Each structure stands twice: as C-alpha cells, then as structure tokens.
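Proteins get letters first, then strands, A, B, ... in listed order; numbering begins at 1 in each. Because the structure is predicted, anything quoted here is derived from the model rather than measured.
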Protein chains: 2
Amino acid sequence: MTSESIENYLGAMYRLQNEAGEVKLNQLADALNISGPAVTDMLKRLGQKDLVVYSPYKPVKFTSLGEQKAMQVIRRHRIWEKFLFEVVKFPWEKVHEEAERLEHSSSDELINYMEAMLDFPELDPHGNPIPSINGVLPRQNAMIKLADMNLLHSGIISRVNEHSQEFLMYLMAEGITLGKELRLIERRNFDNTLTITIDNQEKQISSMTAENIFMSNISNGGRDGKITE
Amino acid sequence: MTSESIENYLGAMYRLQNEAGEVKLNQLADALNISGPAVTDMLKRLGQKDLVVYSPYKPVKFTSLGEQKAMQVIRRHRIWEKFLFEVVKFPWEKVHEEAERLEHSSSDELINYMEAMLDFPELDPHGNPIPSINGVLPRQNAMIKLADMNLLHSGIISRVNEHSQEFLMYLMAEGITLGKELRLIERRNFDNTLTITIDNQEKQISSMTAENIFMSNISNGGRDGKITE
DNA sequence: TTATAAAATTAAGTAAGCTTAAAATATGAC
DNA sequence: GTCATATTTTAAGCTTACTTAATTTTATAA
Ligand SMILES: [Mn+2]
Ligand SMILES: [Mn+2]
Ligand SMILES: [Mn+2]
Ligand SMILES: [Mn+2]
C-alpha cells in the first residue's frame, strides 16, 4: 500500500511542513535527493491514493489520511532512533541514518514493543517529539533557534534540526550536546557568527550551525532563573 | 548493488541448497511466491552480476561471490531473530517474519553491534547456526529429522525447519520446544504418523510436522546415555 | 521408445520510480 | 507592468521486478 519510497515522501513532507509551513516540490526534491519531475510524478500518484492534495504549480498539502500515515512514519523513525541509542548503544550521530531505513521495515507490533521497552519516551535522541500510537505529539517546551536568541540570554540546548553525521560529530567534538546550558555572548554583525559560552568556555558558532540548534528555558542575563520565553 | 529482491533470492537459494543440495527454479518460485518466468528473468540478471551461474534448464548455482552475499543475508536474518527474541522479547513465532524485512535494512555496523550485545550467539531462536562476520558457520551437533529417527530412540529437539507462525504456534501449544527431550514410541505405517513422549505425555505427530523437526543427542532406547548418532 | 507430464523459457505487457531535455508557468526586482 | 530568473510540468525514455499465455525442453513411466 505504501512503499518505502512513498513513506520517504510523506516523512520529508512532514518535516518541511513543520519547518516552512508549506511544502514546495523543489524542497521535496532537494530533501529526497531526486529530480523535480520525479517529485511531480510521485505527487500525482499520492494524490490518486488520497494521501495528498495535488494541484499544479501549488504547494502540496496532506490529506488527513496522508498526515496520519506521515505521523506513523515519523513515529517509527523516532522510536527506532531512541531504541538504537538507548538499548543498542549505537552512536548518536549514526542512529538517524539507520532509522531512515528501519522505519520502513518494521511492523507496528514491533514498534509498540520497543516503545514499551523504552517506557514510552517523549523525545528521540535529537530532541524531536515522538508521536504516540494515536499520532498525538507530546506537549513540548517552547523553543527558539539559537540563531534567534537575544544577546546575553542563556538557555538549555534541547533539539538539533539536522541529522547529518558530519554536523552531529562536529557538535559532539565541540561539547555542544543536548541538555547543556549555553549563553549567547556576542553576535558578529556582518555574518551572524555567534560567540557563546558553554561549560565555561567561549566558542564561535557559525550562523548555519546556530540555525539548526534549538534552545529552551531561555533566561535573560542568566543572573536569575526568570524565564522570558 | 543488491536490492531487497535480490537478497531474498540469495537467501532462498541458500536455504534450498542446504535442504535439497541443488536449487531448481521451480522451488525458488515457490519459496518466493512468484511466477516461474520472474525467476528465470532474475537469475539471468544475477548471472550478469556474477552472483550465480545460470545456464538454461539447469539447476542454478552460486558463484563464490554469490555465496558470500547469501551468507551475509542469512547472518543478518538470524542475528535479527536472536536479537528480537532475546532483547526485545518479541514472540518466538513472529521473529522470523520481522527479520525477513529487517535483514535488508540494517548496516553491517548495526548487525555487529547487536551480535556483540548478544555475546556472539551461535544459534538463532529456531536452532539455525549464525554465520560469523567472516561467513563461517559454527560447528553444529549432528542432527537427524524426527521423521527419520528410529523407534524407541530419544533425543533433544534442536531445530525447526519451517518458520511459519501457524506451525510454530502449534508446536508451542503442544509443548514441543527446543531443548526438550523427546522419545519416539511408534510409527504408524500407512501415513507415518508418529507417537512420541515428551514431558511424560504421549502425543501424535503428523509426518509433515516430523519432517520439520530436527533432533540431536540421539540415544537408543533411552536406558542409558549412549549416543549413537 | 514414445506419450505424457513437469519444468523452464520466450514473448508480450505492466507499474513503480527514477532520469534528462525542453516547455510552461510563477515570482519578484526594477 | 515588464523582464529575468526560479519553479514546475511535460515529454520521452530507462531499469527493476513482476504478470499471464504460449512454447520449448527435459523427465518419467508405460
Ligand atoms: Mn532522525
Ligand atoms: Mn526512510
Ligand atoms: Mn528465520
Ligand atoms: Mn527478506
């Protein structure tokens, strides 16, 4: 009914939807690393299966059936990531890639077993929320991009929005990991490079990096614990 | 390089090779639940990839490359089965089906992680040997089919050769599980139905069932521990 | 050995999911 | 509003992995 390819389209659509609010075919092609015509082609087919609403030259939308299916793909992906990380002790930077394939090859029953074994986790190892079996997302803390944080504010690193091995290994090497506190010291004007402190060390962070790190529990100045976001 | 479909051909070929000594296209079609022409078609392609030696109207054979690849598929399958059974506590009768898909979707690195976590098991939950990372099978106890056992001999149930849920659930319901001792009491002549004792109970076993159960540590009569097979 | 049955192949066709090249449409800078 | 650019679609074609129907080859048994 839904092939591996279709599931990847649905998953990518879901992520784009979440980031950009709408899904342009171009971005889909980019995310899936395939040509534009292939995307048009597939979306027409997804339209026929009532998974998306496709009309020419317009951003594509989920039907409610499609959104449900997408949620299930996301759920399987994130439970696999959590499972590989917590149970198998597979390296943090590699679980995404592995889950990208396993998400298509496991029964719902197996996913539910793993979820129970993990005691129904709310977050995957990158800080993304895990939909329940009914497709409901757990309530999340308010978050803002590190790139958008105000000067001299601090917060907790809570999510990364890019799962490439290279990026994640860079973060680990720099000690920029989930759960740590981080304070924004300075923003260089012409290229938005940030200076931060983490573990009492100053570090420079490129704007691209800062675009992919999300912070929660923002507090102004860091003198007290007042939460402003 | 090797698609899911190709891997299933290689896996099925391996099993047939092991059971029957040679692989007829017909049997492959049967095992994979596809038509004869599809098998001919694929085997020609596998020939071009130097995975098998194909010549028309003859049983097909592995090349050494093909055998290696098949071994790796078998290895992934059996490690998954063992992992699901031991770690996830997934039901015995369902691990085969799940592994049949997962075997195509996991990196070698993940397989090796799971294998280490399981402390390098030699057998999967159905009693099949697990090839090492180098494709070497562990030494196995001598086994014979329950169907071929001599009257009044007993032995240990050590392997089942059919992994369908229906069959495995039947065995569990009857208490016929790996590791138990079983003695052959009687063989009815006209249909080879067997009478056995297991757990001090008499049971009737169809010949088809007996064809799919393998015994080790055969001892004659059961009076003493002398091993004859 | 010859008829019959079983096994395998050839032929023709299909659907999914891709590709590149060319054409159409939309966007957005001035 | 026009024009250049970016986005999307159409067109044509390819590979993989299947199907059924018809034919050929091999195996078996009287
Ligand atoms: Mn991921
Ligand atoms: Mn995927
Ligand atoms: Mn199995
Ligand atoms: Mn398989």
Which atoms of nucleotides 21-29 of chain C (N or O only) lie under 3.5 Å from a protein N or O atom, and what are those distances?
from: C:dT25; atom 1: O4'; to: A:Tyr57; atom 2: OH; distance (Å): 3.4

Distances under 3.5 Å only, N/O to N/O: pair up the protein atoms with those of nucleotides 3-5 of chain D.
none

Next on the checklist: Determine whether B:Arg15 and B:Asn161 satisfy the following criterion, side-chain contact (heavy atoms from CB on, under 4.5 Å), listing intermediate values before the conclusion.
Outcome noted: CA-CA 10 Å; B:Arg15 278 162 241 187; B:Asn161 193 42; over 6 Å; no
Q.
For A:Ile176 and A:Thr209: C-alpha separation, side-chain torsions, deciding distance, then whether side-chain contact (heavy atoms from CB on, under 4.5 Å) applies.
A. CA-CA 11 Å; A:Ile176 303 172; A:Thr209 296; 5.6 Å; no
Going through the distances and angles, do A:Met1 and A:Ile6 end up as a side-chain contact (heavy atoms from CB on, under 4.5 Å)?
-> CA-CA 9 Å; A:Met1 196 82 272; A:Ile6 289 178; over 6 Å; no
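For residues 136-146 of chain B, every residue pair satisfying the salt bridge (Lys or Arg N to Asp or Glu O under 4.0 Å) rule, not counting sequence neighbours, is listed here: B:Lys145-B:Glu211.
With sequence neighbours excluded, the residues satisfying salt bridge (Lys or Arg N to Asp or Glu O under 4.0 Å) with B:Arg101 are B:Glu98. Contacts of B:Tyr9 classified as ring pair (Phe, Tyr, Trp, His ring centres under 6.0 Å), with partners at least two apart in sequence or in another chain: none. With sequence neighbours left out, the ring pair (Phe, Tyr, Trp, His ring centres under 6.0 Å) criterion links A:Tyr113 to B:Phe90.
Remark: A:Leu171 CG to A:Asn212 CG distance equals 9.0 Å, nearest 0.5 Å. Separation of atoms CD1 (B:Ile133) and CD1 (B:Ile111) is listed at 10.5 Å; rounding is to 0.5 Å. If you take CG on A:Asn192 and CD1 on A:Ile205, they are separated by 13.5 Å, rounding to the nearest 0.5 Å.
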Please list, one pair per line, the donor and acceptor atoms closer than 3.5 Å that link side chains of residues 72-87 of chain A to other protein atoms, with sequence neighbours excluded.
from: A:Arg75; atom 1: NH1; to: A:Glu115; atom 2: OE1; distance (Å): 3.4
from: A:Arg75; atom 1: NH1; to: A:Glu115; atom 2: OE2; distance (Å): 2.9
from: A:Arg75; atom 1: NH1; to: A:Pro131; atom 2: O; distance (Å): 3.1
from: A:Arg75; atom 1: NH2; to: A:Asn112; atom 2: OD1; distance (Å): 2.7
from: A:Arg75; atom 1: NH2; to: A:Glu115; atom 2: OE1; distance (Å): 2.9
from: A:Arg76; atom 1: NE; to: A:Glu103; atom 2: O; distance (Å): 2.7
from: A:Arg76; atom 1: NH2; to: A:Glu7; atom 2: OE1; distance (Å): 3.2
from: A:Arg76; atom 1: NH2; to: A:Glu7; atom 2: OE2; distance (Å): 2.9
from: A:His77; atom 1: ND1; to: A:Glu103; atom 2: OE1; distance (Å): 2.9
from: A:His77; atom 1: NE2; to: A:Glu81; atom 2: OE2; distance (Å): 2.8
from: A:His77; atom 1: NE2; to: A:His96; atom 2: ND1; distance (Å): 3.0
from: A:Arg78; atom 1: NH1; to: A:Pro129; atom 2: O; distance (Å): 2.6
from: A:Trp80; atom 1: NE1; to: A:Ser106; atom 2: OG; distance (Å): 2.9
from: A:Glu81; atom 1: OE1; to: A:His126; atom 2: ND1; distance (Å): 3.2
from: A:Glu81; atom 1: OE2; to: A:His96; atom 2: ND1; distance (Å): 3.1
from: A:Lys82; atom 1: NZ; to: A:Glu86; atom 2: OE2; distance (Å): 3.1

Identify each donor-acceptor pair in which a side-chain atom of residues 19-33 of chain B lies under 3.5 Å from a protein atom, sequence neighbours left out, and give them as a table.
from: B:Gln27; atom 1: OE1; to: B:Lys24; atom 2: N; distance (Å): 3.1

Taking distance alone, no hydrogens or angles, what donor-acceptor pairs closer than 3.5 Å link side-chain atoms of residues 45-63 of chain A to residues at least two apart or in another chain?
from: A:Arg45; atom 1: NH2; to: A:Asp41; atom 2: OD2; distance (Å): 3.1
from: A:Thr63; atom 1: OG1; to: A:Asp50; atom 2: O; distance (Å): 2.7
from: A:Thr63; atom 1: OG1; to: A:Leu51; atom 2: O; distance (Å): 3.1
from: A:Thr63; atom 1: OG1; to: A:Leu65; atom 2: N; distance (Å): 3.4
from: A:Thr63; atom 1: OG1; to: A:Gly66; atom 2: N; distance (Å): 2.9

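Within residues 41-54 of chain A, the residues approaching DNA chain C are A:Asp41, A:Met42, A:Arg45, by heavy-atom distance under 4.0 Å. Contacts between residues 17-32 of chain B and DNA chain C, defined by a heavy-atom separation below 4.0 Å, involve B:Lys24, B:Leu25, B:Asn26, listed by number. In the region residues 2-13 of chain A, proximity to DNA chain C at under 4.0 angstrom, judged on heavy atoms, holds for A:Ser3, A:Ser5, A:Tyr9.
Around CG of B:Asn189, the count of heavy atoms belonging to other residues, nucleotides or ligands within 6.0 Å does not exceed 12. Open room surrounds CD on A:Glu97; 12 or fewer heavy atoms of other groups in view lie less than 6.0 Å from it.
For D:dT19, one of the phosphate oxygens OP1 or OP2 lies less than 4.0 angstrom from a side-chain nitrogen or oxygen of B:Ser35.
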